[in-house]
J.: 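Attaching a single structure in structure tokens format; questions to follow.
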Amino acid sequence: MVTNINASFSPEHIRFLAYIRAVGTGPKGNRPLTKEETKDAFSLIIERRIPDTLISAFLLGWRVQGESEEELSGCVEYLAQKLIPNLSEGIEIGYPQDGKTKFPFLMLKAAELLGDLKVHAAYDLPMGPKYGVTSDQLEFSAPNLILHHRRDLLAGLSDLSDLRNDIGIRTAFNTLEKVHFLAPVALIGMHHAPYFDLYATLYAPYYKRLFILQGQEGTPEILKKTKYKLVENGEVTTHHIDPEEFGIVPIAAKEEMDLETMRSLLNTPDENLTKMIQLNAAFIGFAAGKYQTVEEGMVCLQD
């Protein structure tokens with residue numbers, strides 16, 4: 001007698017198995033999910049309505065197949081609906097959730113110089129594959145800097161941290177958790193040029209102004225000449241900012257750095273690093289509309 005195993009599964013379980021088959025059957029059987037299917041799959045994952053084994057299978061299969069822009073937009077749409085912001089002012093700094101390994105969080109230090117501007121950022125457990133230092137470990141204390149633990153924003157997203165670390169490789173979440181819709185303006189970072197257009201498509205609809213920077217360690221931080229794109233009112237413009245134009249020596253930041261070294265750098269910066277912090281503060285202020293230009297910000301911060 002053959003038992004129908006599916007008979008004991010919940011409707012959600014059966015539905016999710018179909019999504020695993022779509023991304024994990026193989027080259028001949030795979031297909032992209034529709035936007036609605038992706039939103040449904042993502043909701044089942046975030047709400048933990050299916051077992052961790054199925055979540056792992058789906059994320060690995062999806063990563064190997066490659067996530068489409070439509071699939072990712074469905075996930076971002078779901079997150080935007082769940083992460084309903086209660087904030088109508090300030091600026092969000094969108095950091096990767098795998099932390100930093102080669103330089104401290106310069107823009108969060110820069111927030112100290114912008115006392116009347118609220119600066120928001122999210123953090124969680126150290127995440128793979130880098131398992132770097134997280135922003136809360138550096139104990140920033142500026143009253144205008146608000147660090148949000150992701151458990152307080154969307155518990156289901158934070159609860160996946162241990163499972164993702166068990167998987168041990170990058171998944172779609174590394175792309176999808178750049179920002180958390182905490183303010184009307186955001187800065188996000190990226191490594192590779194194709195992500196300029198992808199992030200503009202995914203995130204710009206949810207912000208008045210979105211700045212996408214090819215910054216240090218995939219963050220929006222400026223340590224050397226940095227390319228960035230501004231998305232505003234449906235238009236995308238490309239720009240560069242170069243520390244050398246402000247008399248600042250670029251910082252290579254190629255060697256790994258432990259937590260204590262990061263703390264020491266931030267607590268006792270030399271003259272060049274102090275100016276680099278000011279430049280990052282001026283850029284944040286410019287992005288948020290506090291200054292008309294980065295140059296104006298530098299003049300104000302150095303007075």
J.: Roughly how far, to the nearest 0.5 Å, is NZ of K130 from CD of Q97?
T.: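 Here the rounded value is 11.0 Å.
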
J.: With side-chain contact (heavy atoms from CB on, under 4.5 Å) as the test, would you mind laying out the steps for D98 and R170 before giving the verdict?
T.: CA-CA 10 Å; D98 55 2; R170 292 176 62 85; 4.2 Å; yes

J.: Classify the angle between the aromatic ring planes of H239 and Y228 as parallel (below 30°), tilted (30 to 60°) or perpendicular (above 60°).
T.: parallel

J.: Quick one: do T226 and E221 satisfy side-chain contact (heavy atoms from CB on, under 4.5 Å)? Show the steps, please.
T.: CA-CA 9 Å; T226 300; E221 298 187 334; over 6 Å; no

J.: From L273 CG over to L266 CG, what is the distance, rounded to the nearest 0.5 angstrom?
T.: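 Nearest 0.5 Å value for the CG-CG distance: 7.0 Å.
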
J.: How far apart are the closest heavy atoms of P126 and N165, and which atoms are they?
T.: O-ND2, 3.1 Å

J.: Determine whether K227 and T238 make a side-chain contact, defined as any pair of heavy atoms from C-beta on separated by less than 4.5 Å.
T.: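 The answer is yes; the side chains approach within 4.5 Å.
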
J.: Honestly curious: do V133 and M127 fall in one hydrophobic cluster under the side-chain, below-4.5 Å linking rule?
T.: no

J.: Go through the steps for Y123 and H148 under the test ring pair (Phe, Tyr, Trp, His ring centres under 6.0 Å), then give the verdict.
T.: CA-CA 6 Å; Y123 71 94; H148 305 261; 8.9 Å; no

J.: Mind checking the CZ-CD spacing from R31 to Q65? Nearest 0.5 Å is all I need.
T.: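 Output value for this atom pair is 9.0 Å.
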
J.: Take T134 and Q137 through the test side-chain hydrogen bond (donor to acceptor under 3.5 Å, both in side chains) and record every step on the way to the result.
T.: CA-CA 6 Å; T134 54; Q137 293 178 287; 3.1 Å; yes

J.: Answer whether the closest heavy-atom distance between the side chains of P32 and E37 falls below 4.5 Å.
T.: no

J.: Considering non-hydrogen atoms only, spot the tightest contact between A41 and Y19 and give its length.
T.: CB-CD1, 3.6 Å

J.: List the steps, then state whether side-chain contact (heavy atoms from CB on, under 4.5 Å) holds for L198 with T175.
T.: CA-CA 10 Å; L198 177 62; T175 300; 4.3 Å; yes

J.: Same cluster or not: are L125 and F105 linked, directly or through other Ile, Leu, Val, Met, Phe, Trp or Tyr residues, by side-chain heavy atoms under 4.5 angstrom apart?
T.: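 No; tracing contacts between hydrophobic side chains, which count when under 4.5 Å, never links both residues.
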
J.: L223, L138: one ILVMFWY side-chain cluster at the under-4.5 Å cut-off?
T.: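 They do share one cluster, since a chain of ILVMFWY contacts under 4.5 Å joins L223 to L138.
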
J.: Taking the inter-plane angle between the rings of Y207 and F181 on a 0 to 90° scale, is it parallel (under 30°), tilted (30 to 60°) or perpendicular (over 60°)?
T.: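 Parallel: the ring planes of Y207 and F181 meet at under 30°.
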
J.: For L60 and I169: C-alpha separation, side-chain torsions, deciding distance, then whether side-chain contact (heavy atoms from CB on, under 4.5 Å) applies.
T.: CA-CA 9 Å; L60 289 171; I169 64 171; 3.4 Å; yes

J.: Within the structure provided, determine whether I46 and Y78 are in side-chain contact (heavy-atom separation under 4.5 Å).
T.: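 Yes. Closest side-chain heavy atoms under 4.5 Å.
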
J.: Got E47 and K82 here, is their nearest side-chain heavy-atom distance under 4.5 Å?
T.: yes

J.: Within this structure, what is the CD-CZ distance for the pair E217 and F103, rounded to the nearest 0.5 Å?
T.: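 It comes to 10.0 Å.
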
J.: Does V185 belong to the same Ile/Leu/Val/Met/Phe/Trp/Tyr cluster as M190, with side-chain heavy atoms less than 4.5 Å apart forming each link?
T.: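 V185 does not cluster with M190.
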
J.: How close do A122 and R150 get, heavy atom to heavy atom, and via which atoms?
T.: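 So the two residues come closest at CB-CG, 4.0 Å.
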
J.: So, D124 and R151, do they make that salt bridge, N to O below 4.0 Å?
T.: no

J.: Considering residues, nucleotides and ligands other than K118, do more than 12 of their heavy atoms fall under 6.0 Å from its NZ?
T.: no

J.: State, with a plain yes or no, whether a side-chain heavy atom of W62 is found less than 4.5 Å away from one of T171.
T.: no

J.: How far does SG of C75 sit from NZ of K35, to the nearest 0.5 angstrom?
T.: 10.5 Å

J.: Determine whether P220 and F211 make a side-chain contact, defined as any pair of heavy atoms from C-beta on separated by less than 4.5 Å.
T.: no

J.: Does E232 come within less than 4.0 Å of R209, counting only side-chain N to carboxylate O?
T.: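 Yes, charged N to carboxylate O under 4.0 Å.
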
J.: Taking all atoms of both residues into account, what is the closest heavy-atom pair of G297 and A282, and its distance?
T.: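 Of all heavy-atom pairs spanning G297 and A282, the closest is C-CB, 3.8 Å.
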
J.: Run the ring-centre check on F58 versus F42 and record whether the distance is less than 6.0 Å.
T.: no

J.: Is it the case that over 12 heavy atoms from other parts of the model lie below 6.0 angstrom from the NZ atom of K290?
T.: yes

J.: Please confirm whether K100 makes a cation-pi placement over Y95, using NZ or CZ under 6.0 Å from the six-membered ring centre and within 45° of the ring normal.
T.: no

J.: In this structure, would I146 and L182 fall into the same cluster of hydrophobic residues linked by side-chain contacts under 4.5 Å?
T.: no

J.: Is the shortest distance from a Lys or Arg side-chain nitrogen in R15 or E12 to a carboxylate oxygen in the other one below 4.0 Å?
T.: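 Salt bridge flag = no for E12 with R15.
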
J.: Could you measure the distance from the CG atom of L213 to the NZ atom of K229? Nearest 0.5 Å is fine.
T.: 12.0 Å

J.: Using only heavy-atom distances, determine whether the side chains of Y195 and Q214 contain a donor-acceptor pair under 3.5 Å.
T.: no

J.: A side-chain contact here means heavy atoms from C-beta on lying under 4.5 Å apart; do L44 and L54 qualify?
T.: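 Not touching, per the 4.5 Å side-chain cut-off.
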
J.: Of the non-hydrogen atoms in I222 and L106, which two are nearest, and what is the gap between them?
T.: O-CD2, 4.1 Å

J.: With side chains defined as the heavy atoms from C-beta onward, is the minimum distance between K225 and E244 less than 4.5 Å?
T.: no

J.: Looking at every heavy atom in both M262 and K102, which two are closest together, and how far apart are they?
T.: CE-N, 4.2 Å

